[in-house]
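What follows is a single structure, written as C-alpha cells, with notes after it.
Sequence lines set the chain letters: A, B, ... in the order given, protein chains first and strands last, and positions in each chain run from 1. Owing to the predicted nature of the structure, the values given are computational and were not obtained by experimental measurement.
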Amino acid sequence: MAATKTRTSSFSRNLPAASSAQSPEIKCGPNGTFLVSSGIPDLDKTLGGGIPLGSLVMVMEDSEAPHHMLLLRNFMSQGLVHKQPLLYASPSKDPRGFLGTLPSPSSPKDDKSRSHDAEQEKGLRIAWQYKKYFGENQSNLDGQRGMILFRFIVLYNKQEFSNEFDLRRPLDRHFYTGQHVDCISTKDLPNIAALQERCTSFLSQFSRYICTFFAIDFVCFTNLLIVTFRNDATVACTGRIAIQSLCAPQCESSNMEWEMLSFIRSLKSTVRSANAVAIITFPSSLVSATFCKRWQHLADCLVSVKAIPDEDKELAKLLTGYQDIVGFLNIHRVPRINTQVPAVLEATTLSIKLQKRRYLVLECLNQAPVDGSSGSSYGTSGNCSGASSKSGSLDF
Amino acid sequence: MDSRARNLLDEALGLDQLTQLKPPLGGKAVLIEDCVETSGSFVLHQLIKRLLTAVPNSSNVVLFLAFANPFSHYDRILLGEEGKAGGRSGLFALFANITKVLNALPESNRKCLTIVIDDVSLMEVAAHGSSDHVLDFLHYCHTLTSDYGCSLVTLNHEDIYSSMDGLVFLKQMEYAADVLVKVEPLATGLAADVHGQFDGLQMTVLNRGSLNNRMSNFQFRIKENSVEYFYPGARA
C-alpha cells in the first residue's frame, strides 16, 4: 500500500497559520494548542506558558493542609475574571457559598477597588487625532505647511492573560452571580452519574469539533478520509471545570472506585475534544495505592501539594526563606498534547509562599549556603529535578 | 545517524529486516510496560510508524484500539477503532470486530496484521473493572497470533499493579508476551538529553525448538518525529 505517501488525514500538528488567539485570555501554545492561565503566573511559566485547552489537571491533596485550595481558588477566579463559564463541584453542602471566598485580582493601585469594573473591555481602543502642523515644532520633513500630523493614541485593554490575585480581597459578586456559573454538591450524590451528566452537558457548549466524518474503505484500507470542522477557541467558548476533593470520604459515592475511574476517563476524553480545562483535586492518601496510580496515569497534568512541617530545624537550615514557605508543589507531569516529546523541567519541586500574606507565589527551592565545617558544598538556586524517592520528600 | 540509531530497537524487536514477504513482528506478542514518570507510548508510535512506512507497497495493516487518546493525538495512524468497550459484552463485540477485520483481509495478508492496544489499564476501566474478562480478551488476541500469524502489541502501566492481586494480572500478561519492553526513568532523575531507558528488553525466541533469551539495555531520547536510541554513555 502506497497510502502512506499521500496524507489524507486532516489532523495536523502544525500550528494553523490563519487561526490565532482572538483575545488576550488565550494564547497560542506549541503543537497547535491554545493555553489558558492557571491563575498563578509562576505556575503558568513553569508549565510552558499556561494550561493547554483540552487538558485534565489532577492535584493530589495533602491531608494535613488545604494547599490544593489555593490552586483551585486562583484557577476559578482567573476563569471568572475572564468571564469563562465555570462548573464547580465540591463535597460541601453549599458549594455556591465558596465562591464568595475567591480572591480578587490585585490592581497596581490597591485603593481603587472598583476602578477595574468600568474598564473591562475587549479589544483595543484606538483613538487618533489630527493636528495641523503649522511649523511650531520642527518636523524632520522640512516643516512643510499643511502637513497633517497623525497622532495615534492607543489605549490598551485591561484584560490580561494572567492576573495576580489578592487572597485577602474577595471577588466582586457580579463575577459569579451570572448564568455562566454552575455549582454542584457531590456530598449526597448516590452515584457519580449525576456529576458526569452535568459535566457532559456543561462541556457540550465548548465542543471543539463540530462535525467529524470518517470514511473507510475496508477492502484495501488505503482510503481514509477524515473531515473535521473545528471551532476555534474564543473567550465565549472556553470553559473551566473545578472538582474539589473527588472521592472524599464524606461523599456517598467515594467507594465506587471503578465508577470513579470511568467518570474520570470519560471526563478526560470529553474535555480533550472541548475548548475547556478541568481540574480535579483528590485526597490521594485516602484512595488505595492501585487506584491512585490509575488516577495519576489519567492526568494530562499531575501535581501534588505537600504541607511543610512547622518549626522543622533541619529544613530551616536547608532552605532560605523557610519561615515564608507554607508548603511544596511537586509537578509530576506536564501536559503534552499532540506531541510525544516529554517536557523536562528545570525544577519539579516549587515552594508555595504567601507574599505579604496576600499573594500566592511559587518559587524554585533555594538551598541555604552551608558552612564549610560541615563539609557540604554550597547550594545555589535549586535545580530541583529528581525522580528518586529515596532522598526524602524534597527533590533538589 | 537516524537509520543506524533506529536499529537498536528494531534489532531488538526483529524489525530491522522488514520485507514484503515476512510478517513484520513475526507473529509475536509484544508487551510494553511503563510508569507515571516515563510514558511508553512513544514506543507504540514508533512501532506503528515503522510497520506502516518501512517497506513500500507492503501489505502491513495496523488495527489500533485506542483507549487513551483521541485519534487526533495519534497523527500518524491510518486505521483504528476508538475503544468504547463496555463490560463483557463490549469486549465480545470488540473481538468480533477484530475477527471481522481479519476475515476481510485476503488470506495471504492476514499475517501482516498487527493489533495495537493503547492501553490495557484503560480497557479494564472500560470493562468496569472485570480484569478477568480483559485477560480473556487478551488471550483470544494471542490465539490470533498463533492461528493467523498476526502480531499483537499492547501497552500497560506496570506501576498500577503493585498489590498482590494486581501482580497476578501483570505476570499473566508478561508470561503470555514473547517480547517485553520495559520503559523506565533514569535512576539519577530527569535529564534533557536522555529521557529514559529500556530495562532489560527481553525477547524469547523460539528457534528450532530452543528458547533464546535476548536482553538489551539501552537509553532513548524522544524527538518530535523520531526517537534516538543509544547505549549508556554512547550518545554522540
Side-chain angles (χ1 to χ4, degrees), chain A residues 1-5 7-13 31-32 54 208-209 212 214 216 218-222 224 226 228 257-259 261-262 264-266 268-269 272-273 288-294 296-299 302 332-333 336-342 344-346 348 385-388 395, chain B residues 34-39 41-42 45-46 52-53 56-61 67-79 82 86 100-101 104-105 119 121-122 124-126 128-130 157 159-163 165-166 185-193 195-196 222-225 227:
Chain A
M1 303 178 178
T4 52
K5 296 281 183 201
R7 284 175 58 96
T8 53
S9 167
S10 71
F11 295 121
S12 168
R13 263 184 282 127
N31 306 309
R208 196 183 300 177
Y209 302 108
T212 306
F214 289 86
I216 303 172
F218 268 97
V219 174
C220 54
F221 299 102
T222 52
L224 176 65
I226 303 172
T228 304
E257 290 179 318
W258 288 106
E259 280 79 6
L261 270 173
S262 186
I264 297 171
R265 179 181 166 252
S266 111
K268 176 180 173 160
S269 67
R272 182 64 72 90
S273 57
S288 69
T290 310
F291 279 91
C292 189
K293 276 293 171 196
R294 287 183 192 269
Q296 290 175 36
H297 273 285
L298 279 170
L302 179 67
H332 302 274
R333 186 184 281 187
R336 305 301 288 159
I337 296 179
N338 293 342
T339 176
Q340 63 176 7
V341 184
V344 180
L345 301 178
E346 275 188 19
T348 56
S385 50
S388 166
D395 287 326
Chain B
D34 68 359
C35 51
V36 172
E37 292 81 18
T38 310
S39 168
S41 51
F42 73 93
H45 304 155
Q46 294 303 301
L52 292 175
T53 59
N57 300 318
S58 77
S59 38
N60 292 336
V61 173
F67 292 89
N69 289 297
F71 282 127
S72 55
H73 182 84
Y74 302 106
D75 199 47
R76 297 173 187 85
I77 311 306
L78 296 186
L79 173 70
E82 278 213 48
K100 195 166 48 167
V101 167
L105 286 173
D119 58 68
S121 68
L122 288 177
E124 286 183 279
V125 176
H128 297 295
S130 35
H157 305 306
D159 51 359
I160 288 175
Y161 304 96
S162 50
S163 67
D165 296 336
L186 295 178
T188 45
L190 301 173
D193 293 338
H195 292 150
I222 305 169
K223 301 202 286 209
E224 203 60 63
N225 285 314
V227 184

[X] and [Y]: which non-hydrogen atoms are nearest, and at how many Å?
X	Y	value
Ile222(B)	Val341(A)	O-CG1, 3.6 Å
Ala126(B)	Arg265(A)	CB-NH1, 3.9 Å
Lys223(B)	Gln340(A)	O-NE2, 3.1 Å

**Asked** By side chain to side chain contact (heavy atoms under 4.5 Å, CB included), which residues pair with Ser262(A), not counting sequence neighbours?
**Response**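 Listed in chain order: Val125(B), His128(B).
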
**Message:** Holding to side chain to side chain contact (heavy atoms under 4.5 Å, CB included), I want the full list of residues that pass it with Glu124(B), two or more places apart in sequence or in another chain.
**Reply:**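 In terms of side chain to side chain contact (heavy atoms under 4.5 Å, CB included), with neighbours along the sequence ignored, Glu124(B) is linked to Trp258(A), Arg294(A), Ser121(B), Ser131(B), Val134(B), Tyr161(B), Phe169(B).
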
**Prompt:** When heavy-atom pairs shorter than 4.5 Å are enumerated against chain A, which of Ala191(B), Ser39(B), Gly166(B) gives the highest number?
**Reply:**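 It is Ala191(B).
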
**Request:** Determine whether His297(A) and Asp159(B) make a side-chain contact, defined as any pair of heavy atoms from C-beta on separated by less than 4.5 Å.
**Result:**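 Yes, at least one pair of side-chain atoms sits under 4.5 Å.
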
**Item:** Proximal component of Ile264(A), with respect to chain B [non-hydrogen, under 4.5 Å]
**Value:**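 The answer is neither part of Ile264(A).
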
**Item:** Contacting region of Val344(A) [heavy-atom separation from chain B under 4.5 Å]
**Value:**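 Only the side chain of Val344(A) comes within 4.5 Å of chain B.
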
**Request:** With a 4.5 Å cut-off on heavy-atom pairs, point out which of Leu298(A), Leu302(A), Leu261(A) contacts chain B the most.
**Result:**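 It is Leu261(A).
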
